[in-house]
Amino acid sequence: MISSTYQTITTGTDLFEVRLNPVSGFKALFANQPFEAGEELFVFKVKSLRDTPTYLTVQIDEKTHFEFEPEFLQYMNHHCDPNVHLDLNNYTLVALKSIQEGEEIHFFYPSTEWKMDRPFACHCGSEKCIGIVSGAHALSKTQLANYPLSPYIKSKLD
Ligand SMILES: [Zn+2]
């Protein structure tokens, strides 16, 4: 994808922007400034809770899934070598590595999702790529050891 094909969508914050690729129809979240590894990028809230997952929700317990507030965070895509982590103790986005201005923000979906509503084939291109992304249930403890995991996913592995 060439970045110039993207259309920018306003998020209401200067920190990030959502870009729509008019060819693929996919949206993605990009950093509008650099962040340091370990830095807290953003504090988010829970917009609503559901007892079943959708492709937009984040899992916090067996039957508890939330939608992001602000909503633009739902456009964070999955990556197998992610640059942010969802800290579900503090409801913050935390940088896992240094992030450049203009870089896409992504996280590792199985770090919060046990069994995903819509599994998909990942094309992130990372050496660590897990292939089919369907949630932590499908991965080994060794694969999951590379990522910070949510309290719920950790409890499932115990
Ligand atoms: Zn991947």
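As the structure lists them, so they are numbered: ligands from 1, and atoms in each ligand from 1.
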Under 3.5 Å, which donor-acceptor pairs link side chains of residues 31-38 to any protein atom two or more places apart or in another chain?
| from | atom 1 | to | atom 2 | distance (Å) |
| --- | --- | --- | --- | --- |
| Asn32 | ND2 | Asp14 | O | 3.2 |
| Asn32 | ND2 | Phe16 | O | 3.4 |

> Can you say whether the rings of Phe66 and Phe44 are parallel (under 30°), tilted (30 to 60°) or perpendicular (over 60°)?
Replying inline: parallel
> Does any N or O in the side chain of Ser24 come within less than 3.5 Å of the main-chain N or O of Phe26, such that one atom is a donor and the other an acceptor?
Replying inline: yes
> What pairs meet the salt bridge (charged side-chain N to carboxylate O under 4.0 Å, His left out) rule with one or both residues in residues 60-81, with sequence neighbours excluded?
Replying inline: Lys47-Glu71, Glu62-Lys156, Asp81-Lys97, Asp81-Lys128
>> Can you pull out every side chain to side chain donor-acceptor pair (under 3.5 Å) where at least one residue sits in residues 108-120? Sequence neighbours excluded, please.
In response: none
>> Taking 2.8 Å as the limit, list every protein N, O or S atom around the Zn ion (ligand 1), by chain and residue number.
In response: Cys80 SG, Cys122 SG, Cys124 SG, Cys129 SG
>> Consider ring pair (Phe, Tyr, Trp, His ring centres under 6.0 Å). Of His123, His106, His85, which one does His79 pass it with?
In response: His106
